[in-house]
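The residues of the chain are indexed from 1 along the displayed sequence.
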Amino acid sequence: MDVPGLAMSRSLGDAVAHTAGVISDPEFTEKELDPSSDRVIVVATDGLWEFVDNDETIELLFPTPGPAEAVDCLVKEANARWMQEEQVIDDTTIIVAHLFDYKASEE
């Protein structure tokens, strides 16, 4: 049978997916942010994390002037790596936010 893979984010609340073991109970992790060390937050799907690790992500976004440019840079890199490794590109969603006025003083 030729069917697509399991689309997790689109299957939440799907009764049929529930029978296959998909649950809609989110997992939460809390972390107290430290203004002296926490500069950015990156929230992304496996379209990024499949081929770009945490350290590489920070290295790639550090030289960018703002969050929008960081997202563009990360999507471009993720897409290039997907094409190199798989010859397809997974759906990729990325959010980058600067914390505690990070880089605001550089403007």
Side-chain angles (χ1 to χ4, degrees):
M1 179 184 293
D2 188 22
V3 296
L6 184 59
M8 299 303 290
S9 63
R10 292 182 291 274
S11 60
L12 297 178
D14 183 332
V16 174
H18 181 73
T19 64
V22 176
I23 60 171
S24 58
D25 299 327
E27 291 184 21
F28 288 94
T29 301
E30 292 185 29
K31 177 188 183 305
E32 189 167 330
L33 299 176
D34 180 356
S36 68
S37 62
D38 295 320
R39 302 287 186 253
V40 299
I41 187 167
V42 178
V43 179
T45 61
D46 64 337
L48 175 68
W49 304 125
E50 183 72 23
F51 297 113
V52 183
D53 67 26
N54 292 344
D55 291 335
E56 289 176 299
T57 297
I58 296 302
E59 288 173 16
L60 288 164
L61 70 80
F62 181 73
T64 62
E69 295 85 0
V71 168
D72 291 342
C73 175
L74 293 171
V75 167
K76 182 177 179 181
E77 184 64 26
N79 287 351
R81 293 188 190 192
W82 271 97
M83 287 304 294
Q84 179 181 351
E85 297 292 329
E86 304 287 339
Q87 290 74 51
V88 296
I89 298 173
D90 193 14
D91 295 338
T92 305
T93 301
I94 302 172
I95 300 169
V96 174
H98 287 177
L99 303 175
F100 308 111
D101 293 326
Y102 175 63
K103 290 200 176 185
S105 60
E106 297 175 14
E107 296 176 359

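Across all non-hydrogen atoms, the minimal contact from G66 to H98 is CA-CE1, 3.8 Å. T57 and W49 get closest at one heavy-atom pair: OG1-CZ3, 3.3 Å. Closest approach of A70 and L61 over heavy atoms only: CB-CB, 3.7 Å. Across all their heavy atoms, G47 and A78 have their closest contact at O-CB, 3.5 Å.
Listed by chain and residue number, nothing satisfies the side chain to side chain donor-acceptor pair (under 3.5 Å) test with N79 (two or more places apart in sequence, or in another chain). I95 pairs by the side-chain contact (heavy atoms from CB on, under 4.5 Å) definition with V43, not counting sequence neighbours. In this structure, the side-chain contact (heavy atoms from CB on, under 4.5 Å) partners of F62, at least two apart in sequence or on a different chain, are Y102. Partners of D46 under the salt bridge (Lys or Arg N to Asp or Glu O under 4.0 Å) rule, at least two apart in sequence or in another chain, do not exist in this structure. Residues passing the side-chain contact (heavy atoms from CB on, under 4.5 Å) test with D55, sequence neighbours excluded: D53.
Taking the side chain as every heavy atom from C-beta outward, T45 and D91 never approach each other to under 4.5 Å.
Separating the CG atom in L33 from the CG atom in L99 is a distance of 6.0 Å, to the nearest 0.5 Å.
The side chain to side chain donor-acceptor pair (under 3.5 Å) analysis of residues 60-72, with sequence neighbours excluded, yields no pairs. The salt bridge (Lys or Arg N to Asp or Glu O under 4.0 Å) pairs that include a residue from residues 73-89 are E56-R81, E77-R81, where partners are two or more places apart or lie in different chains. Residue pairs meeting the ring-ring contact (aromatic ring centres under 6.0 Å, His included) criterion with at least one partner in residues 69-97, sequence neighbours excluded, are F51-W82. Note on residues 35-44: pairs passing salt bridge (Lys or Arg N to Asp or Glu O under 4.0 Å), not counting sequence neighbours, are K31-D38.
Residues I58 and I94 share a hydrophobic cluster, clusters being chains of Ile/Leu/Val/Met/Phe/Trp/Tyr side chains in contact below 4.5 Å.
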